[in-house]
Amino acid sequence: MPHAIPDVRAGDVAVPVIGLGTWQLRDGSAQALVEQALELGYRHIDTAQIYGNEQDVGAALAATGVSRSEIFVTTKVWIDRFAEGDLQRSVDESLRKLRVPQVDLLLLHWPKPQPALAVTMAALNNVYDRGLTRAIGLSNFPSAVMARAAAASEAPIATNQVEYHPYLSQKTLIAKARAAGTAITAWSPLAQGKVADDPVLTEIGQAHGKTAGQVTLRWQVQQGVITIPRTRSPARLAENFDIFDFALSDAEMARIFALARPDGRLGDMLDKAFSWDVD
Ligand SMILES: NC(=O)c1ccc[n+]([C@@H]2O[C@H](COP(=O)([O-])OP(=O)(O)OC[C@H]3O[C@@H](n4cnc5c(N)ncnc54)[C@H](OP(=O)(O)O)[C@@H]3O)[C@@H](O)[C@H]2O)c1
């Protein structure tokens, strides 16, 4: 029996705390993996225009026996489509590829100086008002620009999807998002697989009969952070989902928080001036 997945409140919507990330699954493999994930009990899928696999995710949504209303689908608008009109066309394309009339969450993929944020937020609110998405949000927005986006938006900012794993603290951004009612979604939650070799995470896992990856994902969901690990392996799909039958103690959580380091960032930066909030 699949576990019931806890939800995280994000603006006006409830988001399943774990989802399947699909970055780099662009060789047709996303369809089978999404179908397998849904069979295992996953109810949240994360894609993006730029991932080049929305059509494969759409094929999985069409083929699965799980009803559309039970699946939380997120996609993202790439930065070259942020102008009025372009953004709406990007969303129309995403919906066509995904074979759905509406997604659950639509994110701006990265902040960008031009066009003005107010223009892009107005276009994002336009697709929200037209019912093309149940919620809107951001990705890779440090707190200052997140606050500007929220101020320019009628609709609540449901989430900010950011790099977050044991080696990157993000405590300032997480606190500010929480205070604003915006959930945090962790991208590269497994530090792109690096957590598997970590001695502290491995040791904590041994005490619970779990792997370092499972400990990491548990640490995120226990904070109320939404997490979207990606794998090509059916065995790891099941492993990553099997995190709801144990809990980390306060001392274990603290040991994991202590793994953060100043050079822990992994993400490619599109903009040399980009920097996360300083912790
Ligand atoms: N918004 C953004 O700008 C942004 C940026 C990056 C990512 N994302 C989203 O976040 C998702 C996840 O991030 P990610 O794909 O960068 O990395 P990730 O989920 O942190 O790590 C994926 C890597 O870890 C391995 N792995 C998976 N489960 C494992 C486990 N239990 N133990 C050990 N290794 C494991 C996978 O290899 P195998 O395939 O061999 O299992 C893969 O190489 C993406 O797919 C995407 O949806 C968003």
Side-chain angles (χ1 to χ4, degrees), residues 15-27 29-30 32-34 36-37 40 42 44-54 56-57 72-79 94 98 103 105-112 136-142 145-146 158-168 170 173 183-199 201-202 204-205 208-221 225-243 264-271 274 276:
V15 185
V17 71
I18 188 163
L20 175 67
T22 65
W23 179 44
Q24 293 180 335
L25 305 178
R26 62 186 312 159
D27 48 5
S29 57
L33 285 163
V34 169
Q36 285 162 10
L40 283 165
Y42 285 73
H44 173 181
I45 308 296
D46 182 85
T47 182
Q49 266 266 332
I50 198 72
Y51 297 171
N53 60 17
E54 286 173 311
D56 303 323
V57 173
F72 194 95
V73 179
T74 301
T75 196
K76 315 184 190 87
V77 181
W78 188 240
I79 55 170
S94 289
L98 287 164
V103 287
L105 179 61
L106 182 71
L107 307 180
L108 300 181
H109 208 138
W110 280 88
K112 192 183 173 213
I136 60 169
L138 310 168
S139 182
N140 300 300
F141 277 52
V145 62
M146 176 178 75
T159 195
N160 190 4
Q161 184 182 123
V162 301
E163 180 178 347
Y164 184 48
H165 45 72
Y167 308 126
L168 184 67
Q170 297 285 32
L173 180 57
I184 289 287
T185 303
W187 65 249
S188 294
L190 299 167
Q192 298 175 0
K194 292 183 181 55
V195 298
D197 303 320
D198 190 286
L201 297 169
T202 302
I204 293 172
H208 295 278
K210 295 287 176 182
T211 65
Q214 289 171 315
V215 167
T216 302
L217 299 171
R218 179 72 209 181
W219 168 77
Q220 286 152 353
V221 306
V225 167
I226 301 159
T227 188
I228 48 170
R230 182 243 323 168
T231 180
R232 286 182 176 278
S233 143
R236 279 176 169 167
L237 268 184
E239 176 185 330
N240 293 346
F241 196 67
D242 186 17
I243 57 169
R265 196 162 101 177
L266 295 168
D268 285 336
M269 298 303 127
L270 297 174
D271 168 6
F274 183 90
W276 293 115

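Fair warning: this is a prediction, and the values are worked out from it, not measured in the lab. Atoms within each ligand, like the ligands themselves, are counted from 1 in listed order.
Within 4.0 Å of ligand 1, counting heavy atoms only, the contacting residues are G21, T22, W23, D46, Y51, K76, H109, W110, S139, N140, Q161, W187, S188, P189, L190, A191, Q192, G193, A196, I228, P229, R230, T231, R232, R236, E239, N240.
Ion pairing of D56 with R26 is absent here, as no side-chain N (NZ or NE/NH1/NH2) approaches a carboxylate O to less than 4.0 Å.
Looking at S139, its side chain does come within 3.5 Å of a backbone N or O of Q161 through a donor-acceptor pair. The main-chain N or O of Q214 is never found under 3.5 Å from a side-chain atom of E239 such that the two would form a donor-acceptor pair.
By the 4.5 Å heavy-atom criterion applied to side chains, I184 and N160 are counted as neighbours.
Looking only at atom types and distance, the side chain of Q49 has a donor-acceptor partner in the side chain of S94 under 3.5 Å away.
Aromatic ring orientation, Y51 versus W23: tilted (interplanar angle from 30° to 60°).
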